[in-house]
Amino acid sequence: QLQLVESGGGLVQPGGSLSLSCVVSGFTQPYYAIGWFRQAPGKEREGVSCINRNSGDTIYADSVKGRSTISRDNAKNTVHLQMNSLKPEDTAVYYCAVSTIQAMCFMRSDLGIIEEYGMEYWGKGTVVTVSS
């Protein structure tokens with residue numbers, strides 16, 4: 001059974017840090033792009049960062065660039081997202097997703113955003129709240 005399980009969310013003060021993890025299991029076919037996405041209350045879901053499972057290539061949305069680091073541990077089928085200098089606007093439900101057809105998430109470089117086109121399988125999310 002395909003499963004993506006996120007963990008690591010919680011309440012953190014502005015300026016603090018958080019590390020999210022996503023464990024991927026049950027895949028009988030290769031998957032390539034693994035991404036973190038988030039949805040803030042009342043807003044559409046947006047991409048945060050993506051990594052290619054094989055090459056380790058990464059991309060970041062402008063909103064988190066310089067504050068976040070995505071990494072993978074293929075031996076554990078796990079992807080991590082380290083987030084630093086957190087802001088209240090980072091408050092959201094964070095989801096991980098994978099693609100079996102794309103090497104990387106689709107990025108609109110002109111806008112600095114990552115789109116979810118082609119991401120096929122999704123976890124249920126973990127809540128991150130940034131508040132004092």
Side-chain angles (χ1 to χ4, degrees):
Q1 181 180 357
L2 301 177
Q3 265 195 320
L4 289 80
V5 180
E6 303 95 337
S7 63
L11 174 64
V12 62
Q13 292 188 340
S17 298
L18 212 58
S19 181
L20 306 180
S21 297
C22 172
V23 178
V24 182
S25 63
F27 277 79
T28 58
Q29 59 182 318
Y31 59 94
Y32 306 107
I34 312 163
W36 283 97
F37 297 78
R38 67 186 182 185
Q39 187 166 21
K43 294 188 176 181
E44 293 187 357
R45 191 161 57 190
E46 63 176 3
V48 176
S49 180
C50 287
I51 188 167
N52 178 277
R53 183 170 184 251
N54 297 325
S55 68
D57 290 343
T58 60
I59 58 172
Y60 297 90
D62 283 359
S63 58
V64 301
K65 191 177 294 183
R67 302 190 294 123
S68 298
T69 302
I70 189 170
S71 61
R72 91 284 194 210
D73 182 343
N74 289 343
K76 297 181 179 179
N77 291 319
T78 302
V79 174
H80 303 283
L81 181 69
Q82 175 70 35
M83 301 183 66
N84 303 317
S85 303
L86 284 162
K87 307 173 182 179
E89 50 264 42
D90 293 318
T91 295
V93 180
Y94 283 71
Y95 302 90
C96 69
V98 304
S99 175
T100 63
I101 56 176
Q102 294 179 174
M104 181 55 75
C105 301
F106 181 71
M107 183 160 191
R108 286 286 305 271
S109 298
D110 56 335
L111 299 176
I113 62 173
I114 296 171
E115 298 188 353
E116 44 181 88
Y117 175 80
M119 306 306 289
E120 304 157 88
Y121 302 98
W122 293 80
K124 294 183 178 180
T126 186
V127 179
V128 172
T129 303
V130 184
S131 175
S132 55

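FYI, the numbering just counts along the sequence from 1.
Scanning all heavy atoms of the two residues, the minimum distance from Ser131 to Pro14 falls at C-CD, 3.6 Å. The minimum heavy-atom distance between Leu86 and Arg67, with the atom names listed, is CA-NH1, 3.9 Å. Heavy-atom minimum distance, Gly35 versus Cys50: CA-SG, 3.5 Å. Between Ser99 and Gly118, the shortest heavy-atom contact is OG-O, 3.0 Å. Minimum heavy-atom separation, Asp90 to Ser85: OD2-O, 4.4 Å. When every heavy atom of Ala103 is checked against every heavy atom of Tyr32, the shortest pair comes out as CA-CB, 3.9 Å.
A 4.5 Å side-chain heavy-atom check between Cys22 and Leu4 finds at least one atom pair inside the cut-off. Using a 4.5 Å heavy-atom threshold, the side chains of Glu6 and Tyr94 count as separate. By the 4.5 Å heavy-atom criterion applied to side chains, Met119 and Cys105 are counted as neighbours. Using a 4.5 Å heavy-atom threshold, the side chains of Val128 and Met83 count as separate.
In this structure, Met104 is not a member of the same hydrophobic cluster as Val48, with clusters built from ILVMFWY side-chain heavy atoms closer than 4.5 Å. Residues Leu81 and Val130 share a hydrophobic cluster, clusters being chains of Ile/Leu/Val/Met/Phe/Trp/Tyr side chains in contact below 4.5 Å. Under a hydrophobic clustering in which Ile, Leu, Val, Met, Phe, Trp and Tyr are joined whenever their side-chain heavy atoms come within less than 4.5 Å, directly or via other members, Ile59 and Ile113 fall into different clusters.
Atoms CD and CD1, on Gln82 and Ile70 in that order, are 12.0 Å from each other to the nearest 0.5 Å. Tyr31 contributes atom OH, which lies 9.5 Å from atom CG of Asn54 (distance to the nearest 0.5 angstrom). To the nearest 0.5 Å, atoms OH (Tyr95) and OG1 (Thr126) are separated by 10.5 Å. Taking CD of Gln29 as the reference point, atom CG of Leu2 lies at 7.5 Å (rounded to 0.5 Å). Note: Cys96 SG to Ile34 CD1 = 8.5 Å, rounded to the nearest 0.5 Å. Taken to the nearest 0.5 Å, the OG1 atom of Thr69 stands 12.5 Å off from the NE2 atom of His80.
Defined by atom type and a distance below 3.5 Å, a donor-acceptor pair is present between the side-chain atoms of Arg53 and Asn77. Using a 3.5 Å distance cut-off with no hydrogens or angles, the side chains of Thr100 and Glu120 do pair a donor with an acceptor.
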Audit row: Ser17, Val12, side chain to side chain contact (heavy atoms under 4.5 Å, CB included) steps and yes/no: CA-CA 7 Å; Ser17 298; Val12 62; over 6 Å; no
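Checked against the 6.0 Å centroid threshold, Phe27 and Tyr121 count as a close aromatic pair.
When atom types are taken as modelled, the side chain of Asp73 and the backbone of Thr78 share no donor-acceptor pair closer than 3.5 angstrom. A donor-acceptor pair under 3.5 Å links the side-chain atoms of Gln102 to the main chain of Tyr117, judged by distance alone.
Cluster partners of Leu11, using a side-chain heavy-atom cutoff of under 4.5 Å among ILVMFWY residues and allowing indirect links: none.
For the side-chain contact (heavy atoms from CB on, under 4.5 Å) with Ile114, the qualifying choice from Phe37, Phe106, Trp36 is Phe37, the only one to do so.
Of the charged side-chain nitrogens involved, at least one lies within less than 4.0 Å of a carboxylate oxygen, so that Lys65 and Asp62 count as a salt-bridged pair.
A side chain to side chain donor-acceptor pair (under 3.5 Å) check over residues 40-51, counting only residues at least two apart or in different chains, returns the pairs Arg38-Glu46, Arg45-Glu116.
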